[in-house]
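Whatever order the structure lists them in is the order used to number ligands and atoms, beginning at 1.
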Amino acid sequence: MCGIVGYIGKREAEPILLKGLERLEYRGYDSAGIALMQATPPSPRPEVTGRGKQGGARILVYKKKGRVADLEKLLKAKKLTANSFHLGMAHTRWATHGEPTDANAHPHLSNSGDIAIIHNGIIENYLSLKKILTEKGYKFKSATDTEVLVNLIEDVKKNAKVAINEAVRLALREVVGAYAIVVLSKDEPDTLVVAKKGSPVVIGIGKDEFFIASDATPLVEYTNKVTYLGDDEMAVIKNNKLTVKTIKNKIINPYIQKLEMKIEELEKGGFPHFMLKEIFEQPRSIKDSMRGRINGKTGMVKLGGIEKLQDKLFNAKRILILACGTSWHAGLEAKYFFEELARVPTVVEYASEFKYRNPVIYKDDLVIVISQSGETADTLNALHLAKEHGTTVFGICNVVGSSIPRATDAGVYTHAGPEIGVASTKAFTAQITVLLMMCFLLALKKKTMRKTEAQKIIAELENIPGKVEKMLLKNEAIRNIAKKFKNAKNFIYLGRGYGFPIALEGALKLKEIAYIHADGYPASEMKHGPIALVDENMPVVFIANKGASYEKVINNMMEVKARKGKIIAIITKGDAKAKKIADHVIEIPETPEPLMSLVASIPLQLLAYHIAELNGRDVDKPRNLAKSVTVE
Ligand code: AGP
């Protein structure tokens, strides 16, 4: 969580930083702030929020509780001199230590006002460091762990009499926790220092200019040459030169790669929200996830990213899936098809729980971690634990070059394109597409599926984008259903078998963007408790497609109807029986059950979206959430 951005070069830093913040705002939106290096202050000196001695350079800091737009307004009012800042950094915050206030907003200045920092992560030992610094006379204006770090850097710099990059390096050796930081010092107005452990940082390399960001989205219009800092690495940029070294002071050669991202992918393209745009992108994103990887005519499945290690998958006695949130739901859906089609026992664990117990991990397990962002701290930590047990770990991620794919043994990118809306939609269907392809590969190898059977289901998978397209035509009809239920206080989502994870995901979408309580449950479990909630005010969403549990789900619908619950049912096209029972139906085309989630989740995404939008919610940036959860 939190977005950091930095710039050093010949251009005016402020607009680049603000635009970068807008791109990164999905990572947190409790406050925003900017620090600009003023190398030669004009006379008379403008108002500054950071102190600094007369004469030399100084760091101007402006920050504010609220959104990036609030910071932009503040800066407009300050009327900063044009073209005078060529080095700076900015931050958008998701609060961990300390409430969202102006004082807790980043950047933070050291006591002298000479050093400024922005930080994404958590300094776990900040209280003990704060105590030591307080005893030395340091004062703190905020409740943040970050202000402790900037004063620790100042203290080291003062005592060791070293340059800023060395002070950062030495200070970080005393820090326990996760960080991506950018540091500026007024004593070296031509230097930008970056360091990383646990939280992501990418450096964009332009001609005589460098861009820093939490992910590549702020860099895309300036350069396609990037390098990702590794853990315990830092970069010093000075005199147009990038030096990368470890915290232990070993110089390393940065691996520079080409950024594959288009600017249009980062814009709303006429849609009112990114979430709606991303829902509508799914015919394309599912196609992109499959491109060149399967062929229904020949039964070919080829996943280049795991090819070298695919024997680990073929020989696995058990598949262990680790993920959080929506990615966990994709994993749970995969459990059903891995067990049904490939006959491999599959366990799906919340990565956030996995790390903090003593889980049983076998060497011949194949661990699959799933993450859209590739940065989720819980998933990353669970991955490390699995690796400590000597297990092979595959990753399924969307963000290229992020931390999880770099830490796994092998993996498959989902290629869904940047997902900006906090609620995951196209990443979910892309994850399921990749998991299905992995399952087919395994089932073919293990001969639990005949080749002709595989060809048939692969061809069906190739048809899914067309079916999703048809589902999107129901957008207006789904909005009409949403209008009827927008004031409901609670929802229940029910499904059996393959329908159960879809019910969970539908409920999560509604909770996170509409702020309406929703419970996802196996329809079969309804009688064991949740049915007590059903009355004439309770909307119950059923996943009631024609599949193995169809008749049982129909019975559950009857039970809800008998208690006057309001039924919205996702049904197979032309199902007259289900139509008679339900109050509202959304028809989906006939689809083999293992693929059904790819079609059935679309109307649930749209239902949640419209209920949220009709209630005036901030759909793309729901309260209290952030797109990538980089703290545990
Ligand atoms: C999904 O809508 C959520 N915002 C959230 O549950 C998310 O899926 C979870 O935090 C995991 O993120 P990841 O896929 O980036 O690891």
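A donor-acceptor pair is defined here as one N or O able to donate and one able to accept, closer than 3.5 Å; such a pair exists between the side chain of Thr391 and the backbone of Ala386. Using a distance-only test at 3.5 Å, with no hydrogens or angles considered, no donor-acceptor pair links the side chain of Lys426 to the main chain of Ile286. Side chain of Asn398 to backbone of Gln372: no donor-acceptor contact under 3.5 angstrom is found.
Protein heavy atom at the shortest distance from atom 9 (C) of ligand 1 is Cys324 O, 3.8 Å. From the protein, the heavy atom lying nearest to atom 10 (O) of ligand 1 is Val629 CG2, 3.9 Å. Nearest non-hydrogen protein atom to atom 12 (O) of ligand 1 is Thr376 OG1, 3.4 Å. Protein heavy atom closest to atom 6 (O) of ligand 1, with residue, atom name and distance, is Gly325 CA, 3.2 Å. Scanning the protein for heavy atoms near atom 15 (O) of ligand 1, the closest one is Ser373 OG, 2.6 Å. Protein heavy atom closest to atom 2 (O) of ligand 1, with residue, atom name and distance, is Glu512 OE2, 2.4 Å.
Under 3.5 Å, the side chains of Ser403 and Glu375 contain a donor-acceptor pair of N or O atoms. Side chain to side chain, Gln282 and Thr425 fail the donor-acceptor criterion of an N or O pair below 3.5 Å. Using modelled atom types and a 3.5 Å distance limit, the side chains of Asn120 and His91 yield no donor-acceptor pair.
Annotation: cation-pi pair Arg93/Tyr29 absent, no NZ/CZ under 6.0 Å from the ring centroid and within 45° of its normal.
Ile502 places a side-chain heavy atom less than 4.5 Å from the side chain of Met596.
An N or O contact shorter than 3.5 Å links Val422 to ligand 1 by distance. At under 3.5 Å, a nitrogen or oxygen of Ser371, whether backbone or side chain, sits near a nitrogen or oxygen of ligand 1. Where the criterion is an N or O separation shorter than 3.5 Å, residue side chain and backbone included, Gln431 fails it with respect to ligand 1. Inclusion of Thr326 in the set of residues having an N or O under 3.5 Å from an N or O of ligand 1 is warranted.
Here the straight-line distance linking atom SG of Cys324 with atom OH of Tyr350 works out to 9.0 Å at 0.5 Å rounding.
Residue Ser327 has at least one heavy-atom neighbour below 4.0 Å for each of these atoms of ligand 1: 8 (O), 13 (P), 14 (O). Against a heavy-atom cut-off of under 4.0 Å, Ser424 is close to the following atoms of ligand 1: 1 (C), 2 (O). Against a heavy-atom cut-off of under 4.0 Å, Ala423 is close to the following atoms of ligand 1: 2 (O).
Glu375 does not count as a contact of ligand 1, since none of its heavy atoms falls under 4.0 Å from the ligand.
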